[in-house]
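Computed from a predicted structure; not experimentally measured. Below, all heavy atoms of this structure are taken into account, side chains as well, without hydrogens, waters or symmetry copies. Ligands are counted one by one from 1 in listed order, and the atoms in each one are counted from 1 as well. Positions are given from 1, in the same order as the sequence printed here.
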Amino acid sequence: MTTGWCEAPKSESTLQVLHWWTSDSERKAATLLAGRLADEGVYWQDVAIPGGAGLGAGKVLKSRILSGNAPAVTQAIGISIRDWDDLGFLLELDKVANDNKWNTSFFPTVLALIQPRKHVVAAPLGIHRINTLFYNRKILTALKLSPPENWDDMVVVAAKLKTAGIVPLAQSNESWQVTALFENLILAESGPAYHRELFVKQSVQAVLDHRLIEALERLRIMKSWMNAPVEEKTWPNVVRQFANREAAMMIMGDWAKGELNGMGYPTDDEFSCAAMPGTGKYHLYSVDTLSMFATNFQRGPAQEKLARLVATPSLQTDYNAIKGSVSVRRDADPARMDSCARASWSKFAEGVSVQAPSLVHRMATDESTRDAIIVVIHHFFIDDTVTAAETQKKLAAIFHTFNINNRQ
Ligand code: GAL
């Protein structure tokens with residue numbers, strides 16, 4: 001019998017969760033998680049900050065922490081986990097990790113991210129593949145084109161699409177989306193070792209390499225395959241452009257697959273996915289994780305419940321199917337995944353030699369270095385008078401400065 005009266009949840013069983021999941025499929029995935037958490041008597045108080053790749057959320061999180069108002073839980077990913085851990089803010093989750101055998105259940109790369117120093121300080125949700133090419137099967141088939149596998153294929157396919165009056169590539173000129181395309185080109189051109197030299201080590205020598213110039217020049221060629229002018233669109237709007245057949249292909253992280261599926265486009269019907277041309281052997285990854293702030297110990301049990309829940313096999317399967325990502329667990333069943341997810345999970349499982357940590361998604365370096373690189377690449381992209389050589393010099397200067405800082 002309902003009384004129409006509802007007991008307010010106790011503050012220690014309410015968790016404020018800060019994140020940047022605001023698209024339809026992202027919301028659906030977060031709602032699934034919040035619902036499962038509610039079944040365990042813990043309430044998810046949502047703090048969603050718009051802005052793809054967490055451009056806004058990172059800033060809000062920083063200012064909330066500085067003003068002594070940290071949320072109980074946050075989507076902090078990649079190197080940000082290490083940086084917040086170094087300051088001693090994060091709740092240690094070693095007990096949850098040991099009790100649930102995280103050590104043997106997760107991929108080693110995922111383990112390294114959630115345990116940057118001595119303690120486990122984050123719970124992993126899923127792995128996104130950033131080097132994903134989405135293509136419209138009907139458009140390509142009608143023109144007797146196969147999905148491009150390398151740069152030369154892509155040049156041919158783009159030219160034929162243009163002749164047929166079809167925009168080859170859906171794309172936004174938002175800075176993080178442009179830089180994501182650029183790091184895909186770096187990976188395609190030169191593989192994970194060079195990608196790491198550049199974005200993890202920030203080696204000045206790597207910046208001065210001719211491969212950087214080639215990737216920049218290709219980025220500019222790709223611009224001619226997009227709508228002119230390239231507009232500033234949120235990523236769900238780019239997905240909509242692709243879904244509405246206003247462009248034949250799209251290069252984006254596989255959260256776009258979650259969004260397409262949610263819009264009523266199942267995988268391998270109208271669209272399919274492949275690797276970004278030239279990167280079929282590699283996995284450019286971003287791992288989504290939740291960290292907890294150790295500011296109120298009464299909330300500890302609720303925070304631990306959330307950490308335990310996100311890594312369970314059933315949550316991993318259901319959540320990642322909506323989100324477009326894949327399980328962080330080595331015991332996941334690829335037979336239950338669609339073709340896109342299966343390719344991503346199997347590739348990631350091949351290990352660190354094929355993996356490249358995404359710059360844009362904070363897997364490679366700290367937030368300030370990443371932001372500085374994004375500004376330079378974006379400037380090159382939007383202003384055609386800026387040369388590749390000038391851009392190379394600017395990047396070299398940034399790397400030089402950050403290298404000096406890191407040595408101090
Ligand atoms: C990534 C995040 C994804 C997705 C994407 C688009 O950084 O890992 O979960 O939200 O940004 O905003």
Plane angle bin for Trp84 and Phe293 - parallel if under 30°, tilted between 30 and 60°, otherwise perpendicular: perpendicular

Parallel, tilted or perpendicular, as decided by the 30° and 60° cut-offs, for the rings of Phe271 and Phe134: tilted

Ionic contact status for Asp94 with Lys118, cut-off 4.0 Å: no

Asp46 bridged to Arg27 by N-O distance under 4.0 Å: yes

What do you reckon, does [X] have a nitrogen or oxygen under 3.5 Å from a nitrogen or oxygen of ligand 1?
X      : answer
Trp20  : yes
Gly51  : no
Trp176 : no

Examine ligand 1 and decide if any of its atoms is less than 4.0 Å from a heavy atom belonging to [X].
X      : answer
Ala53  : yes
Lys323 : yes
Ser286 : yes

Pair Asp383-Thr385, side-chain donor/acceptor within less than 3.5 Å: yes

Numbered atoms and elements of ligand 1 in range of Gly52, under 4.0 angstrom, heavy atoms: 12 (O)

Numbered atoms and elements of ligand 1 in range of Glu26, under 4.0 angstrom, heavy atoms: 4 (C), 6 (C), 10 (O), 12 (O)

Test ring pair (Phe, Tyr, Trp, His ring centres under 6.0 Å) applied to His361 and Trp20, Tyr285, Trp176, the passing residue: Trp176

Side chain, backbone, both or neither: His128 near ligand 1, heavy atoms under 4.0 Å: side chain

